[in-house]
Amino acid sequence: MNFSPSRPLRADLQNMVRKPPSRPSARAAIIGLAAGLAIAAVVNHRLARKAEQDNPPAGSFLTVKGVRLHYVERGSGEPVVLLHGNGSMIQDFESSGLVDLAARKYRVIVLDRPGYGHSDRPRNTIWTPGAQADLIHDALERLGVTRATVLGHSWGCSVAVALADRYPALVSGLVLASGYHYPTARLDVVGMAAPAVPIVGDVIRYTVSPILSRLIWPILMRKIFGPQAVPEKFAGFPKAMAVRPSQIRASAAESALMIPDALVARDAYPRLGMPVAIITGAEDRLVDPDRQSARLHGDIPHSSFRRIPGAGHMIHQTATEAVMSAIEDVAPPHERPYRTGPPERRAAAVTGVGKAPPPERPCHSGR
């Protein structure tokens with residue numbers, strides 16, 4: 001039996017052969033992508049505004065050289081200044097308990113560095129550690145601080161070192177916690193720095209970056225706290241503030257500066273004449289403790305060095321008492337001199353928890 005399709009059916013089959021299935025044009029795809037990015041930007045902007053409303057400033061403001069800085073001040077006594085790391089803010093030190101602990105004995109000043117928390121970060125300045133050190137020096141001067149113990153954590157160590165190097169009369173003691181002090185190959189820096197690229201980076205940080213940051217937040221927390229678990233007290237840290245487009249730009253810019261700034265800072269280490277306490281987690285997964293903190297201790301012979309067993313990068317959160325002890329080691333009154341001690345004792349300090357022995361004579365040096 002022969003089957004011959006009807007004319008209408010035959011015509012439909014011919015049309016199907018002649019005309020491929022319709023596809024969206026490139027122009028339509030671009031329009032759709034632009035619309036999606038615009039929607040993401042609006043949503044991220046509103047989430048950022050909500051984060052700021054839900055987390056109002058906890059401290060006071062002062063304007064220095066046109067930059068509005070947010071700071072918290074607690075306690076009384078000799079000043080202790082705390083400088084947070086990349087991507088962080090005042091609430092990191094607050095939630096750790098270090099602020100309350102130090103405020104029992106000292107006048108504690110914690111600042112949101114430029115671009116973090118509620119502090120401004122004008123785009124007409126490249127916010128290197130030196131530029132931030134100049135700003136913080138002027139801010140402390142406005143607060144009546146002429147001498148202080150300064151603690152830096154992670155990227156904040158770079159600012160603390162720059163502050164001590166540029167203004168040795170201001171910094172009476174220096175605590176460097178989990179710092180990155182020497183340039184190394186870091187492929188992760190390339191991706192982290194992308195939102196700082198002009199124009200393209202602006203698009204990324206207003207659209208894609210906040211979404212990705214929220215998605216990878218648990219992974220990032222496991223890395224920076226590992227091998228220990230994220231402590232419950234860190235729940236007080238406002239994640240929504242950290243993933244705002246403005247703070248992502250600040251963090252990306254500092255990621256881009258991390259390696260070149262470490263290269264420049266190497267010349268400053270021999271000039272640090274004040275007491276220096278170096279503290280790090282022995283299991284830090286973000287910054288190698290041997291290639292960074294232990295090496296720095298070797299380059300600053302009068303420094304003390306503590307390697308906290310089982311601790312990771314966030315030692316102020318997981319080893320708060322040890323960090324407080326490091327502050328007390330270098331904070332006034334500080335009668336012991338601080339220069340080179342016997343090499344064999346310095347080597348012993350590198351291998352475990354302890355501090356280098358006091359040298360024979362005091363020696364003050366600046367730039």
Side-chain angles (χ1 to χ4, degrees), residues 52 57-74 79-94 99 107-177 179-181 193 196 241-242 244 246-258 260-262 264-265 267-268 271-272 274 366-367:
E52 292 167 358
S60 304
F61 289 90
L62 56 88
T63 301
V64 182
K65 295 180 178 178
V67 181
R68 191 168 182 250
L69 288 176
H70 176 232
Y71 70 97
V72 164
E73 187 172 353
R74 303 269 177 80
V80 171
V81 178
L82 307 180
L83 303 176
H84 62 76
N86 189 346
S88 193
M89 60 196 94
I90 287 173
Q91 288 92 330
D92 183 13
F93 285 124
E94 288 270 28
V99 175
R107 176 191 177 188
V108 183
I109 300 170
V110 199
L111 301 102
D112 279 332
R113 293 193 293 102
Y116 297 101
H118 292 281
S119 290
D120 294 341
R121 190 182 180 100
R123 299 190 69 156
N124 60 353
T125 299
I126 299 176
W127 289 103
T128 62
Q132 294 192 39
D134 291 341
L135 185 72
I136 291 168
H137 166 266
D138 291 352
L140 293 176
E141 191 173 56
R142 289 273 301 278
L143 294 173
V145 176
T146 58
R147 194 86 168 139
T149 298
V150 178
L151 177 144
H153 173 252
S154 193
W155 211 92
C157 288
S158 300
V159 182
V161 167
L163 189 65
D165 184 43
R166 289 170 177 249
Y167 306 100
L170 169 66
V171 180
S172 59
L174 193 61
V175 181
L176 303 175
Y180 180 83
H181 307 289
M241 290 282 285
R244 293 171 300 158
S246 59
Q247 187 148 322
I248 288 174
R249 177 170 69 89
S251 180
E254 292 190 351
S255 295
L257 290 170
M258 188 173 77
D261 283 336
V264 171
D267 295 335
R271 296 194 292 261
L272 301 177
M274 66 287 299
R367 292 189 70 184

Q: Between the side chains of Glu254 and Arg249, is the shortest nitrogen-to-carboxylate-oxygen separation below 4.0 Å, so that they form an ion pair?
A: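 Not counted as a salt bridge, because no side-chain N and carboxylate O are separated by less than 4.0 Å.
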
Q: Given side chains that start at C-beta, do those of Val159 and Ile136 come closer than 4.5 Å, heavy atoms only?
A: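 Yes, at least one pair of side-chain atoms sits under 4.5 Å.
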
Q: Among Leu174, Leu83, Leu82, which residue meets the side chain to side chain contact (heavy atoms under 4.5 Å, CB included) test with Leu151?
A: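 For Leu151, the side chain to side chain contact (heavy atoms under 4.5 Å, CB included) check succeeds only for Leu82.
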
Q: Just so I know, are the side chains of Asp112 and Leu69 near enough to count as touching, which here means a heavy-atom distance under 4.5 Å?
A: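 The answer is no; the side chains never approach within 4.5 Å.
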
Q: Are the side chains of Val175 and Val150 in contact, using a 4.5 Å heavy-atom criterion?
A: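 The answer is no, as the side chains (C-beta and beyond) never meet within the 4.5 Å cut-off.
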
Q: At their closest point, which heavy atom of Gly179 faces which heavy atom of Cys157, and how far apart are they?
A: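 Gly179 and Cys157 have their closest heavy atoms at CA-SG, 3.6 Å.
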
Q: Between His70 and Tyr116, is there a side-chain heavy-atom distance shorter than 4.5 Å?
A: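 Heavy-atom side-chain distance check fails, nothing below 4.5 Å.
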
Q: By side-chain contact (heavy atoms from CB on, under 4.5 Å), which residues pair with Val264, not counting sequence neighbours?
A: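 Here no residue qualifies.
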
Q: Return yes if a side-chain donor-acceptor contact under 3.5 Å exists between Asp134 and Tyr167, otherwise no.
A: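 Yes, Tyr167 and Asp134 have a side-chain donor paired with an acceptor closer than 3.5 Å.
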
Q: Output all residues satisfying side-chain contact (heavy atoms from CB on, under 4.5 Å) with Glu94, sequence neighbours left out; order by chain, then residue number.
A: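 Glu94 satisfies side-chain contact (heavy atoms from CB on, under 4.5 Å) with Val72, Arg74, Ile90, Val99 only.
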
Q: Does Ser255 reach the main-chain N or O of Ser251 with its side chain, forming a donor-acceptor pair under 3.5 Å?
A: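 Such a contact is found between Ser255 side chain and Ser251 backbone.
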
Q: Just by modelled atom types, is the Ala250 backbone N or O under 3.5 Å from a matching donor or acceptor in the Trp127 side chain?
A: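 Looks like no, no N/O pair under 3.5 Å.
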
Q: With heavy-atom distances below 4.5 Å as the criterion, would you say the side chains of Tyr71 and Ser119 are in contact?
A: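 Counting from C-beta outward, Tyr71 and Ser119 never come under 4.5 Å.
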
Q: Can a donor-acceptor pair be found, under 3.5 Å and without considering hydrogens, that links the side chain of Glu73 to the backbone of Ile109?
A: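 Not at all, since once roles are kept as given, no pair shorter than 3.5 Å links the two residues.
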
Q: What verdict does the side-chain contact (heavy atoms from CB on, under 4.5 Å) test give for Val145 and Arg107, after you've listed the backbone C-alpha separation in whole Å, the side-chain angles of each residue and the deciding distance to 0.1 Å?
A: CA-CA 10 Å; Val145 176; Arg107 176 191 177 188; 3.6 Å; yes

Q: Is the gap between the ring centers of Phe93 and His84 under 6.0 Å?
A: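 Aromatic pair excluded; centres sit 6.0 Å or further apart.
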
Q: Which pairs count as side chain to side chain donor-acceptor pair (under 3.5 Å) when at least one residue sits in residues 148-164, sequence neighbours excluded?
A: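 For residues 148-164: Ser154-His313.
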
Q: Atom CD of Gln132 and atom CD1 of Ile126: how far apart are they, to the nearest 0.5 Å?
A: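 One finds 12.5 Å between CD of Gln132 and CD1 of Ile126.
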
Q: Kindly indicate whether the side chain of Arg166, heavy atoms from C-beta on, has any atom under 4.5 Å from the side chain of His137.
A: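 No - every pair of side-chain heavy atoms lies 4.5 Å or more apart.
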
Q: Could you tell me whether the side chain of Met89 reaches within less than 4.5 Å of the side chain of Arg113, counting heavy atoms only?
A: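 Answer no - side chains too far apart.
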
Q: Do you know the tightest heavy-atom contact between Asp120 and Pro122?
A: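 Here Asp120 and Pro122 meet closest at C-CD, 3.9 Å.
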
Q: To the nearest 0.5 Å, how far apart are CG in Leu135 and OG1 in Thr125?
A: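 Spacing of CG (Leu135) from OG1 (Thr125) equals 9.0 Å.
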
Q: When you measure from the side chain of Arg121 to the backbone of Pro114, do you find a donor-acceptor pair of N or O atoms at a distance under 3.5 Å?
A: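 Such a contact is found between Arg121 side chain and Pro114 backbone.
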
Q: Is the backbone N or O of Val64 less than 3.5 Å from a side-chain atom of Asp138, with the two atoms forming a donor-acceptor pair by type?
A: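 Looks like no, no N/O pair under 3.5 Å.
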
Q: Looking at Thr128 and Ala131, would you say the former's side chain and the latter's main chain have a donor-acceptor pair under 3.5 Å?
A: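 Looks like yes, one N/O pair under 3.5 Å.
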
Q: Does a salt bridge link Arg271 with Asp165, judged by any charged N lying under 4.0 Å from a carboxylate O?
A: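 Yes, this pair counts.
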
Q: Between Ser172 (side chain only) and Ala148 (backbone N and O only), is there a donor and an acceptor less than 3.5 Å apart?
A: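 Present.
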
